[in-house]
Amino acid sequence: MEIKKGIAVSPGIAIAKALIIDSEDYRIPQRNISPSQRMTEVQRVRNAFKDAIEDLTKLGESLDESKGSSKISDIFAVHLRYLHDRSLRKQITDMVHSESVTAEYAVSTTLRDIALHFAKVKDAYISERAADIYDIERRLLKQLLGKKREDIDHLTEEVAIVARELSPTQTASFNKKFVKGIATDAGGRTSHTAIVARSLGIPAVVALEDFTENLRGGDTVIIDGNRGIVIVDPDEATIQQYKEYSLEFVELEHKLDAIREKPAVTRDGVRMTLLGNIEFPDEAELVLQKGGEGIGLYRTEFLYLNRETEPTEEEHYQAYAETVSVFKDRPVIIRTVDLGADKYTQSKRFAREPNPFLGLRSIRFCLQNLMMFKTQLRAILRASVLGKVKIMFPLITNIQELMQSKMIFRDVMEDLDEESIPYNRDIEIGIMIETPSAALTASVLARDVDFFSIGTNDLTQYTLAVDRGNELVSTLYSSADPAVLRLIRTVIQDANKAQIDISVCGEMASEPEYIMLLLGMGIRTISLAPPMMPEIKQIVRSVSIEDCNNVVRKILGMNSERQISNYLRNATRKILPAVF
Ligand code: PEP
Ligand code: MG
């Protein structure tokens, strides 16, 4: 039995056999083969090329030219040219022979060398071809590793997924019926993979460092998403203990579910509105089930992940219409796409930037890809007549970005006017406050928006200069840092002065220890992952505003993150011991 400590990111207990999977970009370890296996590996390379050509040809034939897919056909044609290139194939099979390596390793190494070479060329046209090469690598590896990949798509028994790292896209595709837990070497509490696990309600522990290296597929593991512990090969007594603990936890959850119909009101009668964070429209129903009163953050970029082509306007519209239909006249805040950083579309995922969280991400990406942006804006506006839709722009860092986004939004409104397509002219426009620059200029930004929503995940990472998904610096990442709290306080004060709505939609709003602090600072609306709602509501119902104001007063006199964290935890534990 071995116990590993990581970071708990999604509550609950899982006891299951480990299924180890590759990361989405198939990092292939160098595995040497014996000389007698070389011919088999060479044949595998040839088969992979043949099958990839067949697949791509079929895919090309199925494209509907009428739907503007000629650009995609062009891309496929380029890929087919590479796949038919004999010299490329020879380069790979030569490597298998000369270095006695597996087909996967030879494919990956050869194509990545070529891609890196392309990427370094100053000519933009040539450097962009690197993405094509990575795509071809992915196609070939899909053929070579196909079987292993299918395991995860066609599970028939319960497993605990173990991986070096998972992308948000991979995590979002997990079937909750069979995937009982998740454990990864990499990641942090607010990495998007963690957020998706929490939304799906799958217990998860991340930042386990070298966990995957010391585990065999099929080993029994216990994933304790409450304490951030993973146990490999547990003995019978430990399994029994965990089964009991798991039952208690489920009972507590059921008990909390019972408060669903009750309002989130403090003991002295102050109302907190609980909205849900979702990634997919089918989660809207869960928000309702857990007692949510609307959607405070719809992360629409998930529409783009897990697919080869961009969603059409109709696909956007259908997703929004489905979400709005669940909430009718209650708010649904649709955040425009936040691609980049750790969320890449299939076609962009290999064109990596040196510092992706500081790069072409989010609203910046949209403002440079106007066609794509306008497609989404049209769909949001069309859906605005179906209910109480609001629009929210992410990662605004300055007033120019806001003005530009609003101008494009108005352009799209004019287009719809010309086409006599109805929309809500008074749709509320908000922004996320998730950079220190936005927080520090909140008084200026507030003049041009209807609401702010504080994205504490990014605000914390940018204020403290700590990558939210990097396990090596995860102990430095904390929203309880005095610098982060000061910024949050400023934003709330500026929003109140400008008389605009203010809410918090980062993970801070789903962590029990922050609820009294947020209430004390004046927050009356939060948006969080649906599975966390009952617990958070229970906290709201257990405190008084006076308690919360006292917490804020105390905290303002503290200078260190550790002091603040300990104080918050103790204060919450006193009120609701069961949550820790
Ligand atoms: C945030 O940054 O706090 C936020 C809610 O947005 P996301 O987690 O999607 O970056
Ligand atoms: Mg964010």
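Counting starts at 1 for both ligands and their atoms, in listed order.
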Discussion item. Quick one: does any side-chain atom of R164 pair with a main-chain N or O of T184 as donor and acceptor, under 3.5 Å?
Written reply: no

Worksheet, complete the sentence: Expected contact list for ligand 1 at under 4.0 angstrom, heavy-atom basis, is H192, I195, L297, R299, R335, D338, K343, R361, M432, E434, G455, T456, N457, D458, R468, C505, G506

Discussion item. Any salt bridge linking E293 with R271? Criterion: basic side-chain nitrogen under 4.0 Å from a carboxylate oxygen.
Written reply: yes

Worksheet item: Would E283 and R198 pass as an ion pair if we require N to O under 4.0 Å?
Response: no

Worksheet entry | Ion pair check, R382 and E314, cut-off under 4.0 Å | yes

Fill in: Option passing side chain to side chain donor-acceptor pair (under 3.5 Å) with H192 (candidates E279, E301, R468)
R468

Discussion item. With a 4.0 Å cut-off on N to O distance, would you call D210 and K4 a salt bridge?
Written reply: yes

Worksheet entry | Donor-acceptor under 3.5 Å (D547 side chain, M516 main chain) | no

Worksheet item: Around atom NZ of K406, are there more than 12 heavy atoms of other residues, nucleotides or ligands at under 6.0 Å?
Response: yes

Worksheet item: From the Mg ion (ligand 2), how many protein N/O/S atoms are found at a distance short of 2.8 Å?
Response: 2

Worksheet entry | Under 3.5 Å donor-acceptor, E434 side chain and L395 backbone | yes

